[in-house]
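Data block below; observations after.
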There are 2 protein chains.
Amino acid sequence: MTQFQTLEDQLRAAMPAMTRAERRLASHMLGNFPLSVLGTVATIAQDAGVSAPTVVRFVRKIGFSGYPEFRAQLHEEMGERLASPITKHEKWADRLEIDHPLNRFALRVIENLRQTLSQQDLRTFDAVRDLLADKSRSVYLIGGRLTRSIAEYFTTALHVMRSDVTLLSSQPNTWPPALLDMSAGDVLVVFDIRRYEPSVQQFAELAHAQQMEVVLFTDQWVSPTAGVARHILTSQIEVPSAWDTIVPLIALVESMLSALQDANWQDTRERLERMERFYEEMLLFKRMR
Amino acid sequence: MTQFQTLEDQLRAAMPAMTRAERRLASHMLGNFPLSVLGTVATIAQDAGVSAPTVVRFVRKIGFSGYPEFRAQLHEEMGERLASPITKHEKWADRLEIDHPLNRFALRVIENLRQTLSQQDLRTFDAVRDLLADKSRSVYLIGGRLTRSIAEYFTTALHVMRSDVTLLSSQPNTWPPALLDMSAGDVLVVFDIRRYEPSVQQFAELAHAQQMEVVLFTDQWVSPTAGVARHILTSQIEVPSAWDTIVPLIALVESMLSALQDANWQDTRERLERMERFYEEMLLFKRMR
DNA sequence: TCTTTTTTGAAACAAACGTTTCAGATTAGC
DNA sequence: GCTAATCTGAAACGTTTGTTTCAAAAAAGA
């Protein structure tokens with residue numbers, strides 16, 4: 001079946017060779033495209049004022065094996081037109097040497113990233129941004145075995161933008177004393193992907209009991225910590241290996257940083273400049289020794 | 001059934017009240033919207049990795065009488081967006097969504113990732129994989145202010161696959177003594193993106209002088225450490241914000257992990273299984289208290 | 001006009017579909 | 001650590017769907 005033209009074009013091109021009833025059908029299809037073609041054979045037949053067999057004979061005549069194939073083709077075309085920018089599959093993927101493990105793996109990573117971003121709830125994202133931008137709230141971050149490095153990265157970057165940002169140590173026995181300094185309204189950012197860690201969850205529950213706002217970054221299977229979380233940001237993290245990918249999580253974190261920066265650019269720039277000066281002075285000291 | 005929001009919103013709004021399998025389903029639907037929802041119950045179920053009954057229960061839960069009604073609603077919405085000539089050639093996502101910082105940022109991240117991958121030298125990649133797979137060499141990792149978290153992540157994952165993996169502390173004053181244990185032929189993995197850190201570079205030079213193999217993960221402007229590096233893997237890291245993105249670096253690291261795993265799956269699996277057992281025993285221990 | 005050919009839809013049919021049931025698996029509560 | 005409650009998918013079910021058959025209707029050719 002030739003795919004070099006759209007369904008609409010195919011319909012028009014077939015017009016001359018049509019019989020009376022078929023022409024009625026085609027003209028109805030074209031007149032209400034593509035809404036008219038979404039339904040079943042029966043509904044189309046009724047709307048166009050022809051019988052169901054006519055519809056089937058018609059799609060056969062223009063080259064499809066049957067109505068299901070015709071509809072599949074339509075769905076494909078609609079999908080292309082409806083796709084949001086980040087949902088779109090890029091052509092460049094074809095050019096990569098697909099056989100190399102690097103590219104095989106990377107394509108799956110990109111697929112995860114794409115899905116993560118397109119399913120992200122923007123309101124949740126904005127709400128978390130506002131929480132973190134609120135300087136009256138202290139921010140604490142915690143992560144598991146693999147996610148602690150994400151928490152660390154987030155912390156380092158957040159420090160540039162605001163004060164009162166604390167990364168909890170990787171040793172759970174230091175957490176209870178840390179709770180002493182946390183107040184109601186403070187924010188706890190939790191990173192937890194499978195295999196979810198009981199200690200992290202327990203701590204989140206304690207924090208929640210202290211009226212803290214819990215923000216959870218997790219995977220598509222959702223950490224049990226979700227039960228006490230005010231806001232949940234999920235990522236697709238499954239790749240063909242014994243591990244998962246944290247790329248979508250990092251992308252979310254960096255997007256959040258970017259949004260925070262936009263929300264309060266004045267302060268951020270000042271802090272950045274001061275940090276630069278401090279770094280320079282540090283270097284000066286070193287040289288003087 | 002309330003029609004005041006789009007299907008997409010309804011899916012998201014229902015998220016909190018969902019079970020595990022239903023979340024997986026909703027996540028798949030949102031991640032590939034609206035293409036994912038055009039097909040039959042069976043195809044959706046298969047693509048999302050759940051059973052057909054789950055799909056039916058799900059659409060019931062969010063307020064439809066059954067799957068046909070759910071699909072009818074989707075068709076209606078699609079029709080609205082596609083029918084009028086004005087919007088005909090516009091994308092599904094409205095301007096508001098495209099303009100959202102998350103999506104603006106994400107598009108740039110994906111672009112960086114794309115460039116990083118297409119520019120990657122596969123021979124270098126393979127050579128680094130072979131170095132890291134060689135168990136006669138110890139592996140040391142080091143990173144700067146922002147990249148230390150990447151080194152940490154890499155270390156944690158590498159530990160699962162092999163022994164003799166060490167992450168250097170974030171305090172430079174601990175590095176000279178650490179050098180004592182490093183031998184010629186050992187591997188030093190350096191992460192260094194702008195602004196390049198003199199201390200990291202100095203250490204890499206010392207390591208190089210000790211006949212160590214230096215592997216450098218850096219950005220497109222290339223860290224000065226490149227002078228002493230045997231292998232260099234570069235990433236595109238520039239995004240529209242005061243920061244850079246480490247996503248391409250993470251993707252490279254994870255691809256490397258995946259390649260390493262493939263190179264020596266037998267050993268890796270054994271280590272994984274042993275690790276699992278240890279974790280279980282730890283949990284058991286905790287429960288017994 | 002009458003015959004032949006083509007077109008068309010009602011009815012019957014088979015395949016695919018959405019739905020329900022139920023037992024095993026998982027999770028939550030005590 | 002056990003029990004109760006909830007969740008989940010395989011299999012069976014009845015329904016809808018697309019398709020085929022066939023005879024009536026329409027059109028074309030004589």
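These numbers were taken from a predicted model, which means no experiment stands behind them. Naming convention: chains lettered A, B, ... in sequence-line order (proteins, then strands); numbering from 1 in each chain.
- Glu270(B) and Gln266(B) are not linked by any side-chain donor-acceptor pair at a separation below 3.5 angstrom, with hydrogens and angles left out of the test.
- When the side-chain nitrogen and oxygen atoms of Thr19(A) are compared with OP1 and OP2 of dT6(C), none of them lie within a distance under 4.0 Å.
- We find that CD of Gln46(A) is positioned 19 Å from P of dT8(C), with the value rounded to whole Å.
- Remark: Arg194(A) does not engage Asp219(A) in a salt bridge, criterion side-chain N to carboxylate O under 4.0 Å.
- Residues meeting the ring pair (Phe, Tyr, Trp, His ring centres under 6.0 Å) test with Tyr196(A), sequence neighbours left out: none.
- The aromatic rings of His100(B) and Phe125(A) sit perpendicular, their planes meeting at an angle over 60°, well past the 30° parallel limit.
- Side-chain atoms of Glu22(B) and Thr19(B) include a donor-acceptor pair closer than 3.5 Å.
- If you measure from atom CZ of Phe58(B) to atom P of dG9(D), you get 14 Å, rounded to the nearest angstrom.
- A salt bridge links Arg129(A) and Asp126(A); the closest N-O separation between the charged side-chain nitrogens and carboxylate oxygens is under 4.0 Å.
- The distance from atom CZ of Phe70(A) to atom C1' of dT17(D) is 16 Å, rounded to the nearest whole Å.
- At a threshold of 4.5 Å between non-hydrogen side-chain atoms, the residues Thr245(A) and Arg108(A) do not count as touching.
- To the nearest angstrom, P of dT6(D) lies 18 Å from CE of Met18(B).
- In this structure, the CZ atom of Arg23(A) is 10 Å from the P atom of dT8(C), given to the nearest Å.
- The shortest distance between the side-chain N/O atoms of Thr54(A) and the OP1/OP2 oxygens of dT7(C) is not below 4.0 Å.
- Considering Leu168(A), Ile150(A), Leu132(A) as possible partners of Val189(A), the one that fulfils the side-chain contact (heavy atoms from CB on, under 4.5 Å) test is Leu132(A).
- Checking side-chain atoms of Thr218(A) against main-chain N and O of Asp192(A) turns up a donor-acceptor pair under 3.5 Å.
- The CG atom of Leu25(B) sits 13 Å away from the C1' atom of dT8(D) (whole-angstrom rounding).
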Could you write out each protein N or O paired with an N or O of nucleotides 27-30 of chain C at a distance under 3.5 Å?
residue: dT27(C); atom: OP1; partner: Arg20(B); partner atom: NE; Å: 3.3

Nucleotide N/O to protein N/O under 3.5 Å, stretch nucleotides 16-20 of chain C:
residue: dG18(C); atom: OP1; partner: Val41(B); partner atom: N; Å: 3.4
residue: dG18(C); atom: OP2; partner: Val41(B); partner atom: N; Å: 2.7
residue: dT19(C); atom: OP1; partner: Tyr67(B); partner atom: N; Å: 3.2
residue: dT19(C); atom: OP2; partner: Tyr67(B); partner atom: N; Å: 3.0
residue: dT20(C); atom: OP2; partner: Arg60(B); partner atom: NH1; Å: 2.8
residue: dT20(C); atom: OP2; partner: Arg60(B); partner atom: NH2; Å: 2.9

